[in-house]
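Here the structure comes first, spelled out in structure tokens, and everything after it is commentary.
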Number of protein chains: 2
Amino acid sequence: MTDRDTSRTLAHPEAAEIRLEGVLHALSDPVRLSIVLDLAASADDLACSHFDLPVTKSTTTHHFRVLRESGVVRQAYRGTTKLNALRRDDLEALFPGLLDSVLTAAAAEAERLTST
Amino acid sequence: MTDRDTSRTLAHPEAAEIRLEGVLHALSDPVRLSIVLDLAASADDLACSHFDLPVTKSTTTHHFRVLRESGVVRQAYRGTTKLNALRRDDLEALFPGLLDSVLTAAAAEAERLTST
DNA sequence: CGACTCCTTCGACACCTCTCGTACCATGGG
DNA sequence: CCCATGGTACGAGAGGTGTCGAAGGAGTCG
């Protein structure tokens, strides 16, 4: 195929199906929060393999699925790797300011906990 | 006793002990989110018995404890009833804008789900 | 083709969570 | 002093969650 949907596609919730509780729950896990932080910091898509997480690959797959199914990230296969991107626009439209305040809060807490 | 700490006091986390993940988790349950919404709307303390929740009393106790232990609300006994208040100042200091955006998001979602 | 990389699936396990009912304690009013 | 009211404690059960390891599919590169 000459197109960039290099094969299997993944199920994502429509913007209208994204639930606040689901998003908050997705963000309430340290591993997932660190993924989201990383994703937010690097402005563009990141492969799963980019992340250095303290869990095994199968657990990583699990966390990315939670993020995808709650509507926080969008995933697409690109060859052998899977690219991840925050759904900033959808989240901003549904819950204005929420993502930013969570990101800011997470950064502030990280700094607070590693002392100065 | 002439004082208002009419006896048993409840354990609350210090502001410095409040964790973002804990707050997000506390807010990710529909029952607790509705409690927080109600609390935010009425600007001042509310007795547990004020809330009309779709769960039994013991479950209500459980949810209030989660909210208190995560640092979202402050509780104090007042005679036979227990008063609840949002810890707006502490949360605002730790995670600026977070509570407001969650409240706004919850209100928007409620309106979105009950159609127009 | 074969090997390698990347990710998924599956079963399993420990743990936590939400829920309930029943029994209970603490306060305040007759 | 006793009871009504408001909340708690405890045990239990159904279901979800985070974690792993082993096995396996999908692409890519030689």
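Naming: A, B, ... by sequence-line order, numbering from 1 per chain.
For A:His25 and C:dC18, the NE2 to C1' distance is 13 Å, given to the nearest whole Å. Atom pair B:Glu69:CD and C:dC16:C1' shows a separation of 14 Å (rounding to whole Å applied). Atoms CG (A:Leu27) and C1' (D:dT17) sit 16 Å apart, rounded to a whole Å. Spacing between atom CZ of B:Arg78 and atom C1' of C:dG28 amounts to 13 Å, rounded to whole angstrom units. As a whole-Å value, the separation of A:Asp29 CG from C:dC16 P is 14 Å. Atom NZ in A:Lys82 sits about 18 Å away from atom P in D:dG25, given to the nearest Å. The distance from atom CG of B:Leu53 to atom P of C:dC18 is 14 Å, rounded to the nearest whole Å. What separates CG of B:Leu46 from P of D:dG6 is a distance of 15 Å, to the nearest Å.
Across all strands shown, A:His62 has heavy atoms under 4.0 Å from base atoms, whether or not it also approaches the sugar-phosphate. Using a 4.0 Å heavy-atom criterion, one finds that B:His50 contacts no nucleic acid atom at all. Nucleic acid contact for A:Lys57: base, since at least one base atom lies under 4.0 Å from a heavy atom of the residue. Among the atoms of the strands shown, only primed sugar atoms or phosphate atoms (P, OP1, OP2) are found under 4.0 Å from some heavy atom of B:Thr81.
Regarding contacts with the backbone of C:dT8, a side-chain N or O of A:Tyr77 is found under 4.0 angstrom from either OP1 or OP2. B:Ser49 has no side-chain polar atom (N or O) that falls below the 4.0 Å cut-off from OP1 or OP2 of D:dG6. Look at B:Arg32 and you'll find a side-chain N or O under 4.0 angstrom from OP1 or OP2 of C:dC18.
Using modelled atom types, one side-chain atom of A:Asn84 and one backbone atom of A:Leu46 make a donor-acceptor pair closer than 3.5 Å.
Side-chain polar atoms of A:Ser58 and A:Thr61 form no donor-acceptor pair below 3.5 angstrom. Side chain to side chain, B:Ser101 and A:Ser101 meet the donor-acceptor criterion of an N or O pair below 3.5 Å.
Residue B:Arg65 places its side chain closer to D:dA9 than to any other of D:dT19, D:dA9, C:dC7. Comparing atom distances between the A:Thr61 side chain and each of D:dT8, C:dC20, C:dC7 picks out C:dC7 as nearest.
Residue A:Asn84 is the one, among A:Asn84 and B:Val66, whose nearest nucleotide of DNA chain C lies closer to the 5' end (criterion: closest heavy atom).
Checking B:His12, B:Arg87, B:Glu69 one by one against B:Ile18, the side-chain contact (heavy atoms from CB on, under 4.5 Å) holds for a single residue, B:Arg87.
Looking at B:Thr80, its side chain has no donor and acceptor atom pair within 3.5 Å of the base of C:dG28. Judged by atom type and distance alone, B:Ser58 does not reach the base of D:dG7 through any side-chain donor-acceptor pair under 3.5 Å.
Of the charged side-chain nitrogens involved, at least one lies within less than 4.0 Å of a carboxylate oxygen, so that B:Arg74 and B:Asp90 count as a salt-bridged pair.
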